[in-house]
Participant: 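Structure provided below as structure tokens; questions to follow.
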Amino acid sequence: MSHMQLGTNLPKVGSYNRAVVLEAIQASDGISRVQIAHRTGLTAQTVSVIVRRLLAEGLVVEDGSVPSGGGKPRTILRVDPGAGYAIGVHFDPNEISCVLADLAGRPVARLHLPVRAGLRPRAVIGQMARAARRMLREAGVPDGKVLGVGLACPGPLDADGVMVGPPRLAGWDQVPIKSLLQRDTRFPVTVDNDATAAAIGERWAGIARSTPSFAYLYLGTGIGGGIFLDNQVYRGRSLNAAEFGHITVEPDGPECYCGNRGCVEAVCCPSAIEAAMGDRLAHAGICAAAAAGEPEARRVIDRVAGRLADAAVSVVNMLDIDLLVLGGPALREVGEIYREVIARAVSSRSLARRLHVVRVETSPIAADAAAIGAASLVFHATYAPRLGALLSGG
């Protein structure tokens, strides 16, 4: 099974191998020790030692057995979903979405709150912390079972979780959002770009579970992206990779705040769609009208779909991926229109189209992908195989 992470039988890689084994168990619906060894390339002895520890810690449970070809039956292992929880918080300029996810990546509670206009950053962060507490209280999960808080928020972010001039959030420049949320919740906080988090959520709980390389096109207040390459999330040098919103699709198009002209974001984001309709209707109304076949709205949405498709073809040609996922809060009723136009473009205009088919799908967890991704960031940071850290001795 080429899509699983391979382990390494070298010394000093205990935590890496433990993560590989845990991920193999989490990704399967029940798996034996023999299958783990087969999928990860680890020796049976290494797998046995790691599994014994995971069982002792209660993260993994033995769940029945299956007959094997001769010899004794093989015990099936699964993660124990209730052994640990993570809180995921997605901060969109318009709303805060929270999920409480169990160890299997399933959301056991959800909460969506509007962000009151004109609130100062500290007040908004306080609102996030209170939402997290409320969710834990209502779900009856004790603090001791919470592994941490994951926060997905608009970038750019520096390595310490400080927001650096987020283009659509006036007043948030240099806000140390990670340390403030950590102080307010009293849990460790892991922070990531909202679009990268959504890609991780898709990998954890959506349709990209067994796809080694995929790109996520994120449509929110702005437009962003996330990339997995060979089973590793790719964040880039400054943690701001996959800014698909800033591919130029109209060389003579409108100016974008980033300094370019005719960026995908400048042409395709909700406010650009509203402007194209003469600012008479809100984005949600335009999407509903287009889906119902109203000609003017449909014309605007079709043009946006065409520009998104131009960018998608560039992304597919650049990365040679297996899957392109569309998601984010701005998909609304037009996700299927976008998907069709993009799929048609990718299948007819990408360079390697005769060598392999690239699937284009809308996210089944779109409304919560970034929040689920933020929760799984916590599991990712705690358990997921990070070969880079291993090789650099991190």
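Just so we're clear, the structure is a prediction, and the values are computed from it rather than from any experiment.
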Participant: Determine whether a donor-acceptor pair (N or O, by modelled atom type, separation under 3.5 Å) exists between the side chain of Ser376 and the backbone of Gly373.
Facilitator: yes
Participant: Run the salt-bridge test on Asp143 and Arg133 with the 4.0 Å N-O cut-off and return the result as yes or no.
Facilitator: yes
Participant: Is it the case that one hydrophobic cluster holds both Ile365 and Leu100, taking links as side-chain heavy atoms less than 4.5 Å apart, direct or via other members?
Facilitator: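 Cluster IDs for Ile365 and Leu100 differ.
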Participant: How long is the gap from CG on Leu59 to CD on Gln26, to the nearest 0.5 Å?
Facilitator: 12.0 Å
Participant: How far apart are the closest heavy atoms of Cys269 and Ile223, and which atoms are they?
Facilitator: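 Where Cys269 meets Ile223 most closely, the heavy atoms are N-CD1, 3.9 Å.
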Participant: Check whether Asp192 reaches the backbone of Ala197 with its side chain - one donor and one acceptor, N or O, closer than 3.5 Å.
Facilitator: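 Answer holds: no.
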Participant: When you compare the side chain of Val115 with that of Ile96, does any pair of heavy atoms fall below 4.5 Å?
Facilitator: yes
Participant: At their closest point, which heavy atom of Glu296 faces which heavy atom of Arg280, and how far apart are they?
Facilitator: OE1-NH2, 3.1 Å
Participant: Check the hydrophobic clustering (I, L, V, M, F, W, Y; side-chain heavy atoms under 4.5 Å; chains of links allowed) and say if Ile125 and Val99 are grouped together.
Facilitator: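 Result: no, two separate clusters.
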Participant: To the nearest 0.5 Å, tell me how far Asn260 CG sits from Glu255 CD.
Facilitator: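 Interatomic distance, Asn260 CG to Glu255 CD, rounded to 0.5 Å: 10.0 Å.
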Participant: Could you walk me through whether Val60 and Val21 satisfy the side-chain contact (heavy atoms from CB on, under 4.5 Å) test, starting with their C-alpha distance in whole Å, then the side-chain angles of each, then the deciding distance to 0.1 Å, before giving a yes or no?
Facilitator: CA-CA 11 Å; Val60 167; Val21 170; over 6 Å; no
Participant: Applying the 4.5 Å side-chain criterion to the ILVMFWY set and letting contacts propagate, would Leu147 and Val89 be lumped into a single cluster?
Facilitator: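 No.
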Participant: Backbone N or O of His283 within a donor-acceptor pair of the Glu274 side chain at under 3.5 Å?
Facilitator: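 A pair under 3.5 Å: yes.
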Participant: Would you sort out whether Val316 and Ile321 count as a side-chain contact (heavy atoms from CB on, under 4.5 Å), showing the intermediate values?
Facilitator: CA-CA 6 Å; Val316 166; Ile321 46 178; 4.2 Å; yes
Participant: Does a side-chain heavy-atom distance below 4.5 Å link Val233 with Arg203?
Facilitator: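 Counting from C-beta outward, Val233 and Arg203 never come under 4.5 Å.
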Participant: Taking C-beta and beyond as the side chain, do Ile200 and Tyr216 meet within less than 4.5 Å on heavy atoms?
Facilitator: no
Participant: Let me see the working for His112 and Asp368 under side chain to side chain donor-acceptor pair (under 3.5 Å), right down to the final yes or no.
Facilitator: CA-CA 9 Å; His112 290 257; Asp368 291 303; 3.1 Å; yes
Participant: Determine the interplanar angle of the Phe228 and Phe214 rings, folded into 0 to 90°, and report it as parallel if under 30°, tilted if 30 to 60°, perpendicular if over 60°.
Facilitator: parallel
Participant: Check whether any side-chain heavy atom of Val378 lies under 4.5 Å from a side-chain heavy atom of Phe187, and answer yes or no.
Facilitator: no
Participant: Let me check something: do Leu103 and Leu55 share a hydrophobic cluster, defined by ILVMFWY side-chain heavy atoms less than 4.5 Å apart, either directly or through other members?
Facilitator: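 Linked within one cluster.
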Participant: So with a 6.0 Å cut-off around CD of Gln174, is the heavy-atom count from everything else above 12?
Facilitator: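 Yes, CD of Gln174 has more than 12 neighbouring heavy atoms, counting only those of other groups under 6.0 Å.
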Participant: As a quick check of understanding, evaluate side-chain contact (heavy atoms from CB on, under 4.5 Å) for Tyr338 and Leu331, giving each step before the final call.
Facilitator: CA-CA 8 Å; Tyr338 289 165; Leu331 264 188; 4.0 Å; yes
Participant: In terms of hydrophobic clusters joined by side-chain contacts under 4.5 Å, are Leu229 and Val20 together?
Facilitator: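 In one cluster with Leu229: Val20, no.
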Participant: Is there a side-chain contact between Ile207 and Val325 (heavy atoms, below 4.5 Å)?
Facilitator: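 Side chain of Ile207 against side chain of Val325, heavy atoms only: contact under 4.5 Å found.
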Participant: Applying side-chain contact (heavy atoms from CB on, under 4.5 Å) between Val315 and each of Ile247, Val346, Val358, report the one that passes.
Facilitator: Ile247
Participant: Would you say Arg261's side chain and Gly253's backbone share a donor-acceptor pair under 3.5 angstrom?
Facilitator: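 Yes, the answer is positive, given that a donor and an acceptor are paired below the 3.5 Å cut-off.
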Participant: Give the minimum heavy-atom separation between Ala290 and Arg298, together with the two atoms involved.
Facilitator: O-CD, 3.6 Å
Participant: If we ignore hydrogens and angles and just use 3.5 Å, is the side chain of Arg332 paired with the main-chain N or O of Ala288 as donor and acceptor?
Facilitator: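 Not confirmed, Arg332 side chain does not pair with Ala288 backbone.
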Participant: Verify, without hydrogens or angle tests, whether Thr248 (side chain) and Pro251 (backbone) share a donor-acceptor contact under 3.5 angstrom.
Facilitator: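 Judged by distance alone, no pair lies under 3.5 Å.
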Participant: Please report the interatomic distance CG(Leu377) to CD1(Ile87), rounded to the nearest 0.5 Å.
Facilitator: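 So the gap between those two atoms works out to 13.5 Å.
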Participant: Quick one: closest heavy-atom pair of Val300 and Ala276, and the distance?
Facilitator: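 Heavy atoms only, the tightest pair is CG1-CB, 3.9 Å.
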Participant: Is it the case that the side chain of Gln182 and the backbone of Val189 share a donor-acceptor pair, with hydrogens and angles ignored and the cut-off at 3.5 Å?
Facilitator: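 Such a contact is found between Gln182 side chain and Val189 backbone.
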Participant: Taking Asp92's backbone N and O only, do any of them form a donor-acceptor pair with Glu95's side chain (distance below 3.5 Å, no angle check)?
Facilitator: no
Participant: Kindly compute the distance separating CD1 (Ile301) from CD1 (Ile337), expressed to the nearest 0.5 Å.
Facilitator: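 So the gap between those two atoms works out to 6.5 Å.
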Participant: Are any of the side-chain nitrogens in Asp310 or Arg349 under 4.0 Å away from the carboxylate oxygens of its partner?
Facilitator: yes
Participant: Can you tell whether the side chains of Arg299 and Asp302 come within less than 4.0 Å, N to carboxylate O?
Facilitator: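 No, no charged N to carboxylate O under 4.0 Å.
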Participant: So do Arg78 and Ser28 actually touch side chain to side chain, heavy atoms under 4.5 Å?
Facilitator: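 In short, these two side chains do not touch, never coming nearer than 4.5 Å.
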Participant: Could you check if a side-chain atom of Leu308 sits within less than 4.5 angstrom of a side-chain atom of Leu219, using non-hydrogen atoms only?
Facilitator: yes
Participant: Could you give the distance from NE2 (His356) to CG (Asp320), rounded to the nearest 0.5 Å?
Facilitator: 4.0 Å
Participant: Side chains of Thr196 and Tyr218: does their closest heavy-atom pair fall under 4.5 Å?
Facilitator: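 No; the side chains remain at least 4.5 Å from each other.
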Participant: Is there a side-chain contact (heavy atoms from CB on, under 4.5 Å) between Tyr234 and Leu319 once you walk through the steps?
Facilitator: CA-CA 11 Å; Tyr234 180 73; Leu319 298 173; over 6 Å; no
Participant: List the atom of Cys256, the atom of Ala266, and the distance in Å for their closest heavy-atom pair.
Facilitator: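 The answer is CB-CB, 4.0 Å.
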Participant: Under 3.5 Å, is there a donor-acceptor pair between the side chain of Asp102 and the main chain of Ala104?
Facilitator: yes
Participant: How close do Cys153 and Val191 get, heavy atom to heavy atom, and via which atoms?
Facilitator: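 Closest heavy-atom pair between Cys153 and Val191: SG-CG2, 4.1 Å.
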Participant: Glu294 side chain to Ala297 main-chain N or O, any donor-acceptor pair under 3.5 Å?
Facilitator: yes
Participant: Roughly how far apart are Met277 CE and Asp279 CG, rounded to 0.5 Å?
Facilitator: 10.5 Å
